[in-house]
Amino acid sequence: MPDSPKRPPRLILASSSPYRRELLERLRVPFDVVVPAIDETPLAGETPEVTALRLAEAKARAVASALSPADAALVIGSDQVATYDGLQVGKPGSHEIALAQLQAMRGREVLFHSALCLFDSSSGAAQTVDVVTRVQFRHLPDAALEAYLRAETPYDVAGSAKSEGLGIALLEAIHSDDPTALVGLPLIALSRMLLAAGYPLLGAS
């Protein structure tokens, strides 16, 4: 009797972000979503890259730690930090902070660090990468920024620039190796990690 095909490992997205969930759906693979409970405050003296990488891995490990040994999975963690002139820019959380962020970034180049971690709960192996996107913001007047914020209310995205929506009008240019990185989940890097972990994509194993 031939052996039955080996089932691929369970995939878990460790995120509360609807944007990351929508991106992962593009790969057309089954996955669960578990919201990690971690403190996302940057540490003193931490660079944006280190912050993003630390939080991406912390999210994945937090979710993996709650799994039983029989419930092994590949856990995806991701975090994004924007920066200009050495200053970190996170999620605004309010209209006033979002407006201040956009005022400070207009006419500037802003770096978005989109960190990714794929954690194998059965082996404890972690793959991590920081995908950097360089974004040139247009120099727009306050009235235009206010109109954008009222229309999009992007208070849950780093830097207040929701590029998959009306926020694209704020931008002059985007430079990146992965067009999905700016939205928050670098799918090119994730596909590479999944294949390296033996997860079948497009029938590959």
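On a predicted model such as this, the values are computed, not experimentally measured, just so you know.
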[Y] and [X], any side-chain heavy atoms less than 4.5 Å apart:
X: Tyr19; Y: Lys162; result: yes
X: Asp177; Y: Thr133; result: no
X: Leu185; Y: Arg21; result: no
X: Glu146; Y: His95; result: yes
X: Ile38; Y: Leu55; result: yes
X: Pro8; Y: Val29; result: no
X: Val183; Y: Val157; result: no
X: Asp142; Y: Arg106; result: yes

Residues Leu195, Leu201; criterion side-chain contact (heavy atoms from CB on, under 4.5 Å); working and verdict: CA-CA 7 Å; Leu195 290 168; Leu201 287 176; 4.1 Å; yes
Rounded distance [0.5 Å steps], [atom1] in [X] versus [atom2] in [Y]:
X: Arg10; Y: Ser121; atom1: CZ; atom2: OG; value: 9.0 Å
X: Leu23; Y: Ser78; atom1: CG; atom2: OG; value: 9.5 Å
X: Ile76; Y: Leu194; atom1: CD1; atom2: CG; value: 5.5 Å
X: Ser94; Y: Gln101; atom1: OG; atom2: CD; value: 8.5 Å
X: Leu190; Y: Cys117; atom1: CG; atom2: SG; value: 10.5 Å

Measure across [X] and [Y] and return the closest heavy-atom pair with its distance rounded to 0.1 Å.
X: Val33; Y: Phe31; result: CG2-CE1, 3.7 Å
X: Glu152; Y: Gly167; result: OE1-N, 4.0 Å
X: Ala181; Y: Ser114; result: O-OG, 2.7 Å
X: Ala73; Y: Ile12; result: CB-CD1, 3.9 Å
X: Leu53; Y: Ala115; result: N-CB, 3.5 Å
X: Ser15; Y: Val35; result: O-CG2, 3.9 Å

With distance as the sole test, does [X] use its side chain to make a donor-acceptor pair with the main-chain N or O of [Y] at under 3.5 Å?
X: Thr83; Y: Leu111; result: no
X: Arg26; Y: Glu22; result: no
X: Ser65; Y: Ala62; result: yes
X: Gln127; Y: Met193; result: yes

Using side chain to side chain contact (heavy atoms under 4.5 Å, CB included) as the criterion, point out the one residue from Val129, Val131, Leu187, Asp178 that pairs with Leu116.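 Among the candidates, only Val129 passes.
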Would you please name every residue forming a salt bridge (charged side-chain N to carboxylate O under 4.0 Å, His left out) with Glu25, sequence neighbours left out?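 Glu25 satisfies salt bridge (charged side-chain N to carboxylate O under 4.0 Å, His left out) with no residue once adjacent residues are dropped.
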Using a strict threshold of under 4.0 Å (side-chain N to carboxylate O), is an ion pair present between Asp79 and Arg20?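 Salt bridge absent between Arg20 and Asp79.
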After noting the C-alpha distance and the side-chain angles of Arg108 and Asp85, does the key distance pass the side-chain contact (heavy atoms from CB on, under 4.5 Å) rule? CA-CA 9 Å; Arg108 294 176 179 266; Asp85 293 346; 2.3 Å; yes
Which ILVMFWY residues can you reach from Leu170 by hopping between side chains whose heavy atoms are under 4.5 Å apart?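 Direct or chained contacts put Leu170 with Tyr84, Leu87, Val89, Leu99, Leu102, Met105, Val110, Phe112, Val135, Phe137, Leu140, Leu145, Tyr148, Leu149, Tyr155, Leu166, Ile168, Leu171, Ile174, Leu182.
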Using a 4.5 Å cut-off between side-chain heavy atoms of Ile, Leu, Val, Met, Phe, Trp and Tyr, which other residues end up in the same hydrophobic cluster as Ile97?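 Grouped by the 4.5 Å side-chain rule, Ile97 forms a cluster of one, so the answer is none.
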Should we say atom CG of Asp156 is surrounded by more than 12 heavy atoms from elsewhere, each under 6.0 Å from it?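 Atom CG in Asp156 is packed in, count exceeds 12.
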Would you indicate whether Arg138, at its atom CZ, is surrounded by more than 12 heavy atoms from other residues, nucleotides or ligands within a distance under 6.0 Å?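 Yes.
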Under the criterion salt bridge (Lys or Arg N to Asp or Glu O under 4.0 Å), which of Glu49, Glu46, Glu40 is the partner of Arg54?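 Of the listed options, the one satisfying the test is Glu46.
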Single-linkage hydrophobic cluster, 4.5 Å side-chain cutoff, Val75 and Leu11 together: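 Each belongs to a different hydrophobic cluster.
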Leu67 and Leu74: same hydrophobic cluster, using ILVMFWY side-chain contacts below 4.5 Å?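 Looking at the clustering, Leu74 is in a separate group from Leu67.
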Test item: side-chain donor near acceptor, His139 and Glu172, under 3.5 Å: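 No, no side-chain donor-acceptor pair sits under 3.5 Å.
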